[in-house]
Each structure stands twice: as C-alpha cells, then as structure tokens.
Protein chains: 2
Amino acid sequence: MPNAPKTVTLVEVAKRAGVHVSTASRALSSSASGISASTVHRIRGLAEEMGYEPDPAAAALRTGRSGVLGVLVPLLSDYVLARIYEGVDATALASGYNTFVSNTKDNPVLRKERLNELLARRVEGIVLGDARLDGDEVVEILKRKRVPYVLVNRRLRGHPSVTTDDVQGGRLAAAHLLELGHDNIGIVAGPSYASTCVERTHGFVSQYLAAGLSIPDHQILESGADAVAGYRAGSTLLERSPNITAIFAINDSAAIGVMGAIREHGRTPGRDVAVVGYNDIPLATYLPVPLTTVRSSMFEMGREGMSMLLNLIEGKPAPPKLLPPVLMARASSGSNATGGR
Amino acid sequence: MPNAPKTVTLVEVAKRAGVHVSTASRALSSSASGISASTVHRIRGLAEEMGYEPDPAAAALRTGRSGVLGVLVPLLSDYVLARIYEGVDATALASGYNTFVSNTKDNPVLRKERLNELLARRVEGIVLGDARLDGDEVVEILKRKRVPYVLVNRRLRGHPSVTTDDVQGGRLAAAHLLELGHDNIGIVAGPSYASTCVERTHGFVSQYLAAGLSIPDHQILESGADAVAGYRAGSTLLERSPNITAIFAINDSAAIGVMGAIREHGRTPGRDVAVVGYNDIPLATYLPVPLTTVRSSMFEMGREGMSMLLNLIEGKPAPPKLLPPVLMARASSGSNATGGR
DNA sequence: GACTTTTATGCAATCCTTTGCAATAACGTT
DNA sequence: AACGTTATTGCAAAGGATTGCATAAAAGTC
C-alpha cells in the first residue's frame, strides 16, 4: 500500500506524552479513574491535537463490545419505517452506537439471512420492525441466543416493544366515521401477520360493534400495505359493494391507493366515499384531497425503542410501551378540517 | 458476565480438527491456497457444524479492512434517498460489505460530524448523496484523505458520480409542457446548492428558450425540496402570477405540495393548472390526480454508485455515469395518460 | 519519624485472525 | 539412490486497545 492512510495509534500518543499506553488509555476513557487531572488534561489535548481516533476494531476485540446495533425493517423506502429508523438511529448515535439497517421485505427467508448477517457482525442488540404474528422465528432465535432486542412498529405478546396503541387508533377512526353517520364500511385490512393491521382493524370493528353496527366479512379485505395494494383492494371493495360510503385503510399509502381506485370508479374521495388512513405521513395534508388519518408518532417510536434496547443492554427491565394515536380529520372523510396541518 | 454468548473461535475449530489455527484460517478463506482439498472440506464442514463465524473485529484489526462502508444522505425518510440507499445497501451486502447510513439534513455542520463518525468507524469508502455546489467541505476532506467515495443523487464536476441526466430530465418536462401549449410557466426550483435542482431547472429553461420562450425570473422560485416547501412556493407563484398555466417542480414531493396549493386557490390541478414533478415516486400514479413526472432510476442509481465505489476501492477507474430519465405523462398535466402505470 | 493509606503510573496479558516464513513430507527426476 | 520440487502444514508475530495486578511515589496518621 503506497498511500496507507496511516492513522494515529494510542502508542504514538502515549510516546509523545511520555507515558505508558495504559495510562493514555485510561486518561482517554470517560471515567479517567486513577489518573491525575493534569495528565488527563495533557493527554486529551495531545490526542485531540494529533487527531487520534481509537480503532473500533481493536477496542471491540478487547472488550467484546462492537458498539454496533442492528435494525431490521420490512422496507426502508416506506416512509413509516424510514421515519422510525431515523428515531432509532438518532438515539443510537447519541449514545455512541452505530446501526446497521436491513430490509427484509417481510420475507421469512430473507429475515433469517439478514439476522444472521447482523449476528455475524456481532451487533450488541437488535431493533425489530417486522415482527410476525404467524410464528416469528427471528424473535425466537434472539430470545434463545439472549441477544437483547426490542420490537417497534409491530408487537408480539410477551416481548419488549414500543408501538402505537393500534386498537385505540382503530377505534378513533371508527368513532370519527360513526359520528359522520357512515354505516356501510369497507376495510382495507393489510396483511394478517402484522399486529399493526390486525389491531387497527380489530379496534375499528369493535367500535362499530359497540355502536350496534357490524361490518360484513366480505367488506374486510386482507391486502398488502402499499399504494398498489390499496388500489387493488379498494377497487375490489367498490365493485363488490358499490353502496359502501366509507373505507378505512390500515395505512396512508394504502389509503392513497384507495383514493385512486375511488377516482377511477368515477367517484370523488371525501365527497362520494370517505377515506380514512393511518400514520399521518407528511404528504397526507398536501394531497389534492387531504387525507383524514390517525397520527402515530413514528420518530418517537424509534427513539423510545432504541432507549428501551439500551436499557435492556444495561440489564434494566423494559415493559412494553404504547404510544397514543391522534385522529387528524381532513377533507377525505368529508369532515370540516379539524386536524388542520 | 454470567451469560456470555460464548461464540466459537477459530482456535476451537482448529483444535477439534487437529490442525493449527493458521491451517484452519487458510482452509476457510475463499482462496484456500496451499491446503489439501480434503482438509479444506473437513474444516469447512466442522466450522459449519460448530456454527463458527469469524470475528469481524479481529479480522479487521489484522487486515486493516473493516468491511464497512458509509453512506451520507440528506434525509432517509425522503423516498428518493431511501430508494437510492436500498440500491446501495443491496449491492454492498452482495459483496460482503455492510453500510452505515446517516442523515445530514443538508446541514454543513451535521455533515462534517457524520463524516467524522464514519471515518472514526474506519469505513473503507463512502457514498455521498448530499453533495453541495456551494463549496463542499466533505468531498474535499475525502479527497485529501484519499478515502474512496462516489457521489450519487447530486453530482459535482470532477468527482466520481452516478446521477440521473437531470438537464435532459428538465428538457423532457419542458418539451411535454411545450407540446401541450403552455407558455406561462412557474418553476419550484428547489435549493440552489443541489445539482439536481439546478440542472433540472436549467434543462427546463433552456428547452423553453430553444423554443423562443423565456420564463421570467420571478416565476422561478428557489425553495426547499419537500411537500411543505412545494406548497409554499406554489402558493407564492399562484398569487404572484395568477395567469400561470403550468408549474414544474423539481421533485414529486414538492409537486404534491404544489397541487395542494392549487386546490387551496380554488383551482384544479391538471385542469386549470398543469403540474409536472420529478422522480416518479410510487405514489405518483395513485394520487387522486395522477402526477405527470420524470422518472429516474433510483434503486439502479444506488446500485451503480456502490458498484463504482467497489471498483474505486479495488483501484479501478470510475468515470462519472449518467442515467437516462423518462417522462411519465399523466393527468396532472392534463395529458392523456401515455405513461400509464 | 516510622508506618499505613491513598494516588498515580507501569507491566504484561489478552481479545481473535491473518500471513510471511520455516519446516516437514511427499513426489518426481535422472 | 541422491537430490531438487512441490504440496501441506506449523510457528510466531502482528494488529491496537483495555484492564487486573504490581509498583512506586505521595500523602496522611499518631
């Protein structure tokens, strides 16, 4: 290597300071215990001046701590997950950790592959954004191997998690549509392996039941979670039951797809058919027909999830946490825009 | 530590195989040179069976290669950047690398901080998604320190990059609106430090000039790059010049904001005012008024950018690369939907 | 002032792989 | 049969930081 970057090592700093490496090491450690204030000051100054940066590989090798955490998400190009990850990563960085994030596309095979890559990298813990209700091998492996982990976005009974109170969110959406007098509802329910979708749908349905109204099974459509899926499910619903007056979609992307379907059926979202989404992605307000939706705190969820993981790593307990959702009423449900932007 | 995860080390594999660690190491390396086929087979089998995974820290310490690359982007929760990153990361994974990705929010101070974190982590190269035209300290540092890097999304003269041909993209948008007879145009031009925005605008304007039409300066608005910014700039344009018949926005998020502004001014996007965006994010087709836009290959850009970085790391040359944009005509420009979905 | 306690620093081992060099064994050649 | 090759494997050092233990110096005690 002709142009080796030649980084400064601790020995060089120590040599220059006229002390032993061990002294230099201690002086630079956060709890510079047993080192006189003057040498601490001197060495830190010298290290700074020489541009010394500890070699993470050497430190990891010695301490067994990689300083790296893993994050698995279904899809990072989904705003919701990206935003959660931003919260996760910001918090990790603030605590001196870095994160590896990987897409799993909700594919069980890919999930295990990605998990193994993370474990091979010796991550100290994992934030899991794609937990599955239908027998989640990944969480089982994590539990068995005693790797600290926290679920975000989706949750599983008996595992540490930070999620939105999705049952409550579903109820909010239902209460809103009930208040507007809708009694013939379609639901784009998303995939059945995602707790988010199941709980939102359940909350919605139970609120209607509480009002003495039931939603027929053929008007609750399992689906994907993106705009295309929303479009397809929306089309099916409108064809199957043309007299539906409102559609609840388990997230905003699907809701946007639903609006597209409504338009293609020659109707107008918000006037002819009410649409309610979930998450309140930033675009929601700015859509030609602003979207009524249930706001969830994505960034905060990531932040809290990472905090919980850091606690777990330190051996502290981590009770599951629910974040409260808020209804944002806008034009797509034909309501007077209470939520505003 | 009562519950140390006790990972299997190479010594244990070697001991169990009855060979020296060095033999085991060589047997497991991809080019198992100088080791008999039989022992290679035996040791690999044993390693697999024992669940051996090499310690990346130890390997990195010895070889000086961390196996990690860095990625800096303005904002990962922006679909465009997330999608580019997915391409980057997928390609890195396929080559045995992992990536650290960080948001810089287009903030110069944050950029330097994030860069230093990546360098402290000993990344072997960096993909930069947020290069700035107004004197980019980060690329200068990378160049000076001889850290391999590739620009994606935005480019800078004289630096390796993979970007969309944004001038051409701007031309396509302009040609489309010219064809539809629009001669009074507003432009939501985005930030002036981003080559994407500058080049798209320049391409657009030059195409109009070529057609003998000029666009007045006060109808070209510098702005942010998200929906809010698009909304604000759109509002300003519509108030300033009510007789504008078409607006070109430098990306789809801004375009969606513009459509919101148009609607709030009591007009209908696509009928009263044509809107053209850029990138063709998946939502674009499914909007209540489907968005005419210039498609760019985001995933591919990430993939190509990472390939180029890997080449650079191996010392191969890396000429800048331009990807061709494609116009997707939809309802927001009032055109008969040629582009389809 | 002799002795204990505290404070500050040095010593050396350790973490796990990788790799240049040495050594041995197997093979072929004339 | 003696010797040069080639094929395998072992040896040991290196890479950079951390940390328990030991030592030396300083401070404190009666």
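Chain letters run A, B, ... following the sequence lines, proteins first and then strands; every chain starts at 1.
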Is it true that [X] and [Y] have a side-chain N and a carboxylate O under 4.0 angstrom from each other?
X: B:Glu137; Y: B:Lys112; result: yes
X: B:Asp106; Y: B:Arg154; result: yes
X: B:Glu12; Y: B:Lys15; result: no
X: A:Glu86; Y: A:Arg83; result: yes
X: A:Arg44; Y: A:Glu49; result: no

Which whole-number value in Å describes the distance from [X] [atom1] to [N] [atom2]?
X: B:Arg121; N: D:dA17; atom1: CZ; atom2: C1'; value: 14 Å
X: B:Ile43; N: C:dT17; atom1: CD1; atom2: C1'; value: 14 Å
X: A:Leu28; N: C:dT9; atom1: CG; atom2: P; value: 13 Å

Salt bridge (Lys or Arg N to Asp or Glu O under 4.0 Å) between B:Arg111 and B:Asp136: does it pass, once the steps are laid out?
CA-CA 10 Å; B:Arg111 293 183 78 218; B:Asp136 193 313; 3.0 Å; yes
Reading 5' to 3' through nucleotides 8-15 of chain D, protein heavy-atom contacts under 4.0 Å coded B for base, S for sugar-phosphate only, - for none:
BBBBBBBB
With a non-hydrogen cut-off below 4.0 angstrom, is B:Thr63 in contact with a base, only sugar-phosphate, or nothing?
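It contacts sugar-phosphate atoms only.
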According to a strict under-4.0 Å criterion, is B:Tyr52 in side-chain N/O contact with OP1 or OP2 of C:dT17?
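Affirmative; the distance criterion is met.
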